[in-house]
Amino acid sequence: MEGLLLDNDFAEEEDKPYVRLFLKRDGETIAALDPNFETYLYVVADHPNRVLKMVGKVEVHGLRPKSVELVNRTFLGKKVEAIKVAFNRPSDMPDLRHAIRDLPGVKEMYEFDIPPARRYLIDRCLTPMSGISIKGKTIDQDGMKIVVLDEPPVPAKVPEQELKIMSFDIEVYNPAGSPRPDKDPIIMVSLADNRGLKKVITWKDFKTGQDFVEVVKDEKELLERFVEMVKERDADILMGYNTDLFDFPYIRERARRLKVKLKLGRDGSEVLARKKRFATASRIRGRVHIDVYTMVNFLATIGHIRLIHYNLEEVYKYMLGKDKPDFEFTEFVDAWERGGERARDLLEYSLSDAQATLEIGLELLPLFFELTHIVRQSPFDVSRMTPGQLVEWLLISEAHNVGELVPARPVGEEFEERLDETYVGAYVMEPVKGLHEDLVVFDYRSLYPSIIVTHNIDPSTLNCDCCKPSQVVTVPEFGYKFCTNRRGLIPSTLEKIIQERVRLKGEMKKYKPGSREYRQLDAQQWALKITANSFYGMLGYPRARWYFKQCAESVTSFGRHYIKNTINMAKDFGFDVVYSDTDSLFTKLNGKGRDSAMRFLKQVNDSLPGIIELELEGFYQRGVFITKKRYAMIDDEDRIVVKGLEFVRRDWAAIAKKTQEAVLKAVLRDGSPKEAAEIVRKTTKDIVGGRVSLEDLIIYTQLTMAIENYRAIGPHVVAAKKLRAKGVEIEPGMIIAYIEAKGTGSISERAVPVEDFKGVEYDPDYYVENQVLPAVMRIMEVLGYKDEDLRYEKAKQVKLAEFVDDSKI
DNA sequence: CTTACACGGGG
DNA sequence: GGGTACGTGTAAG
C-alpha cells in the first residue's frame with residue numbers, strides 16, 4: 001500500500017511503544033503502526049571493550065539496555081570506535097543514560113537527545129509530504145485504516161494527493177480588554193476551507209440573514225459543533241493565525257471548564273499541548289495543525305517579508321493585495337450586546353479572518369512543504385522551527401547517513417561558556433544620513449553560503465595537518481586555514497543544497513512563470529535558498545549542536561573582505577555609496593542611467609572567486625537613511641520598505657503612530673521633508689490647542705502581574721490602582737487604558753484611567769515631547785530638522801526658514 | 001547609570 | 001522532547 005506521509009508521532013499503548021505514520025491516499029487516511037523501531041545512544045570511552053561490558057550490565061529500577069555493540073563512526077571527521085546502546089523503549093533511556101554516564105571510563109555520549117518520532121524518520125530515510133510504501137495487516141476503524149506494519153516502510157513515488165485544508169478563527173467576549181479564559185466565553189468560531197466552506201458558528205441569533213451564519217444554543221454547543229465540523233470536512237491540515245499562542249490555549253481552557261472533549265484527532269484523541277520553549281504548540285493526531293503566524297514570523301525573521309506589523313490584516317494586504325474588513329477589538333462587547341448592524345459586521349469580520357488565514361496559508365504551504373522535503377521532518381515540526389533548527393535537523397539526517405556522530409545540544413556550563421564567546425560580525429557602514437534619490441541596491445547572492453562552500457569551512461577541516469600552508473587560503477585577520485583535501489559535513493551538505501538550487505533554476509526556465517510547474521519549482525528553490533542561508537547563523541548560535549566560533553568568525557571575516565572590496569570598486573566606478581550592510585550595497589546612480597548598474601555588476605563579478613557572486617537587488621526612487629539598520633525606501637511601484645523604525649506599539653498613543661506614518665509617506669512618496677515637517681508642526685499645534693481627540697491620546701499597557709507585586713510603579717500601575725479604588729476588579733492580563741493629565745508630579749502619578757478622564761485636561765507637553773516627537777525625530781533629524789523646528793512655536797518657525805532651505809529638496 | 005517591565009500575534 | 005524566548009525599547013529609581 002502506498003500513500004503520502006503527512007505526519008508521524010510516537011505513542012505507547014499498554015506499555016507497547018510504537019511509531020505511527022499518517023498517510024493520505026485517494027482521500028483516505030491510513031495510520032500505519034510500526035512497533036519495530038530503534039531507540040539508542042552512543043558512548044565514546046577510553047577502553048571501549050571494557051566499558052561495553054559494564055554498559056551491558058547496567059540496571060536501574062529493573063530496566064536494562066536491550067543491546068550493546070561496538071561500531072565504527074566518525075566524530076567531526078575523525079574515526080572513533082563507539083558503543084551503540086539500544087533500549088527497549090524510549091522511556092527507558094533517561095534513567096539508564098544517567099547510570100551509563102557515571103560509569104568509569106565513559107568520556108562522551110551522543111544522540112540521546114533525539115526524540116523517537118524524529119529518530120525514526122532519519123533512520124528509515126523517510127521524508128514527510130512524500131510518498132511511502134507500507135506492508136502489513138489492515139484493520140478498519142471509524143473510516144480510518146489502521147495498518148500494523150510487518151516490514152519497514154520505504155520511500156515510494158505516489159501521485160499528487162489532494163489535501164483538505166481548513167482554517168478557523170475564534171472571537172472572544174472581552175469586557176476587561178484582554179479576554180480572560182476563565183470567565184469570557186468564545187462567542188464565534190469561523191471556518192473556511194479549500195473546497196468552498198465559509199461558516200461562522202455563534203450562539204446568539206442576530207437574525208442578520210447572512211447565509212454563512214449557523215446559530216447554536218450556547219458556547220458548549222459551539223465548541224462541540226466546531227469539533228464536528230473539523231471531522232465532517234475531514235481536514236488534513238488545520239490552520240489558524242496565532243493559534244499556538246491564542247486560539248488553541250483559549251479553546252482548551254474553555255472546553256475544560258465546559259466539560260467538552262476536544263476530540264479533533266483522527267484517532268478520536270484530544271488536542272495535545274506540546275510544550276515548545278515559551279509557547280505551547282497544539283498537536284492534533286492525524287491532522288497537521290499549522291499556525292500561519294509562525295510561518296509569517298519565520299519569513300519576517302529571515303527578512304523575506306518586511307512589514308511594520310505582522311497582524312492578519314497587514315499580512316493579508318501585503319501578500320494577497322486585498323483589504324479585509326476591520327473591527328476594533330474594543331467594540332466586540334458592544335456589538336455582541338446590542339446586536340443589529342454591528343453584530344452583522346462582527347460576523348462578517350470573523351469570517352474574513354478565517355478566509356484571510358486560509359488564503360495566506362495556501363500561499364505559504366508550498367514553501368513549507370518544500371522545507372519539509374529538505375529537512376526530512378514533519379510539516380508540524382518544520383513549520384515551527386527556527387532557521388538554525390532547520391539546518392540542524394538536516395545535518396542530523398546527513399550525519400546519520402555518513403556515519404558521523406551528532407554533537408549533543410549544549411547544556412549548563414558548556415552553553416554558558418558559549419554565551420561569553422563573542423566574535424566580530426558583518427561590516428555595516430555608517431549611512432550617509434538623509435534623503436537620497438535614484439538608488440540602486442546590489443547584494444551578494446548567498447554570500448555566507450558561498451564562502452562556506454568556496455573555502456570549505458567546517459570544524460573538521462579547520463587547521464588540518466594534511467595541507468601545505470602554501471596550498472590553502474588563509475582567513476583574513478585570523479590566519480586560520482581550512483583543508484583543501486577532504487570535504488567537511490557542513491560544506492558538503494551545503495554544496496548539495498546550492499547545486500540542487502542551480503539545477504532547479506535552470507529547470508524553471510522551461511516553464512511559463514505562473515504555471516503550476518513553475519510555481520512548484522519556485523517554492524523548491526526558495527526553500528533551498530532559505531536553508532542555505534541558515535548555515536552560517538547556526539555556526540554562530542550558542543544553542544546549536546554544530547556551533548563553532550572559529551568557523552563562524554572565519555565566515556564573517558571573509559564577508560567583510562568581499563563587501564569592502566566591492567564598496568571601493570563602486571566608488572572607483574563613480575557611484576556614491578550611501579549605505580552597506582553585510583552583503584548589500586546601496587548606491588546612488590548619480591544620473592548615470594540604469595544600464596551602468598549592469599556594467600558595474602559585470603566588472604565586480606569578473607573579479608570574484610568560485611561561486612561568490614554579486615547581484616542587482618533593485619532600483620528605488622527614493623530612500624531616507626537614518627542610522628545603521630534604520631532606513632526606508634520606496635520603489636518604482638510606490639511600495640515602501642521600512643527597516644528598523646518599527647517602534648510603533650500599543651503602548652504608544654495613536655497620535656504618535658499616525659504622525660510617524662504620515663511623515664514617512666510625505667518624505668518617500670512626495671519627496672517632501674517640508675510637507676513632513678508641516679505635518680508634525682500641525683500635529684503639535686493641534687495637541688497644544690487641545691484639538692486632538694482623546695481616542696488618539698490613549699495609551700494601552702497590559703498588567704502582567706498582580707498589582708501588589710509591582711516594585712516599579714509605572715503609569716499603568718497607578719491608573720490601575722485608581723480604578724481599583726473605585727471598585728473595579730483588577731487582575732493580571734487586563735489592559736489598562738490611560739491618558740496623561742496636566743499637572744505636577746511624575747508621569748506615573750498623572751496617569752488617569754480613560755473612564756475617569758471626563759473634565760480633566762490632558763498634558764500637551766507629554767504628548768508632544770514623549771510621544772509625537774520621539775516617533776518622528778529619528779526620521780526628521782536626518783533631514784536637517786531639529787526638534788525645536790517641529791514644535792508649534794511661531795518664533796521658531798521663522799528661524800526654521802533660515803536654517804533649512806527645503807525648496808531645494 | 002542600573003533595574004524593571006513591556007512589546008509582539010491574538011480578542 | 002525540552003528547566004529556560006528574544007531582542008529591544010522606555011521609565012523608574
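Heavy-atom basis, side chains included; hydrogens, waters and symmetry copies ignored.
Heavy atoms of A/Y241 sit under 4.0 angstrom from primed sugar atoms or phosphate atoms, though from no base atom. Contacts of A/S748 with the nucleic acid, taken as non-hydrogen atoms under 4.0 Å apart, involve only primed sugar atoms and P, OP1 or OP2. A/N297 comes within 4.0 angstrom of no nucleic acid atom, judged by non-hydrogen atoms across all strands. When heavy atoms are screened at a 4.0 angstrom cut-off, A/I170 is found touching the sugar-phosphate backbone but no base atom. Contacts of A/R283 with the nucleic acid, taken as non-hydrogen atoms under 4.0 Å apart, are absent.
The separation between A/L773 atom CG and C/dT10 atom C1' is 16 Å, rounded to whole Å. Separating the CD1 atom of A/I699 from the C1' atom of B/dC5 is a distance of 15 Å, rounded to the nearest angstrom. A/K324 places its NZ atom 13 Å from the C1' atom of B/dG9, with the value rounded to the nearest Å. Atom pair A/L245:CG and B/dG8:P shows a separation of 12 Å (rounding to whole Å applied). In this structure, A/Y766 places its OH atom 8 Å from P of C/dA12, rounding to the nearest Å. To the nearest angstrom, P of C/dT10 lies 12 Å from CD1 of A/I747. In this structure, A/E392 places its CD atom 17 Å from P of C/dG1, rounding to the nearest Å. When the P atom of B/dC5 is taken as reference, atom CD1 of A/I736 falls 16 Å away, rounded to whole Å.
Comparing atom distances between the A/T701 side chain and each of B/dC7, C/dG13, B/dG9 picks out B/dC7 as nearest. Considering only the side chain of A/W652, C/dT10 comes nearest among B/dG8, C/dC6, C/dT10. Distances from the side chain of A/R409 to the nucleotides C/dC6, C/dG1, B/dG9 place C/dG1 closest. Checked against C/dG1, B/dG10, B/dG8, the side chain of A/W393 finds its nearest nucleotide in C/dG1. Relative to the side chain of A/P115, the nucleotides C/dG1, B/dG9, B/dC5 differ in distance, and C/dG1 lies closest. Which of B/dG10, C/dG13, C/dG1 sits closest to the side chain of A/I713 comes down to C/dG13.
Between the OG1 atom of A/T744 and the CZ atom of A/R750 there is a distance of 7.5 Å, given to the nearest 0.5 Å. How far OH of A/Y767 is from CG of A/D696: 10.5 Å, rounded to the nearest 0.5 Å.
For A/D34, the side-chain contact (heavy atoms from CB on, under 4.5 Å) criterion is met by A/N36, A/Y120, A/R124, A/L149, A/P153, not counting sequence neighbours. With sequence neighbours left out, the side-chain contact (heavy atoms from CB on, under 4.5 Å) criterion links A/L272 to A/R283, A/R285. In this view, A/D323 and A/K317 satisfy the salt bridge (charged side-chain N to carboxylate O under 4.0 Å, His left out) rule, not counting sequence neighbours.
In this model, the phosphate group of C/dA11 is not approached by any side-chain N or O of A/S746 to a distance below 4.0 Å at OP1 or OP2. For C/dC6, the OP1/OP2 oxygens have a side-chain nitrogen or oxygen of A/R543 closer than 4.0 Å.
Applying the salt bridge (Lys or Arg N to Asp or Glu O under 4.0 Å) test to residues at least two apart or on different chains, the pairs with a partner in residues 537-547 of chain A are A/D113-A/R545, A/E392-A/R545. Legend: salt bridge (Lys or Arg N to Asp or Glu O under 4.0 Å) pairs involving residues 712-724 of chain A, not counting sequence neighbours, sorted by first then second residue: A/E708-A/R724.
DNA chain B is contacted by A/Y349, A/D353 of residues 345-364 of chain A, taking any non-hydrogen atom closer than 4.0 Å.
Under 3.5 Å, the side chains of A/Y349 and A/E328 contain no donor-acceptor pair of N or O atoms.
Across B/dG9 and C/dG9, the matching P atoms stand 15 Å from one another, rounded to whole Å. Here, B/dG8 and C/dA5 have their C1' atoms 12 Å apart, quoted to the whole Å.
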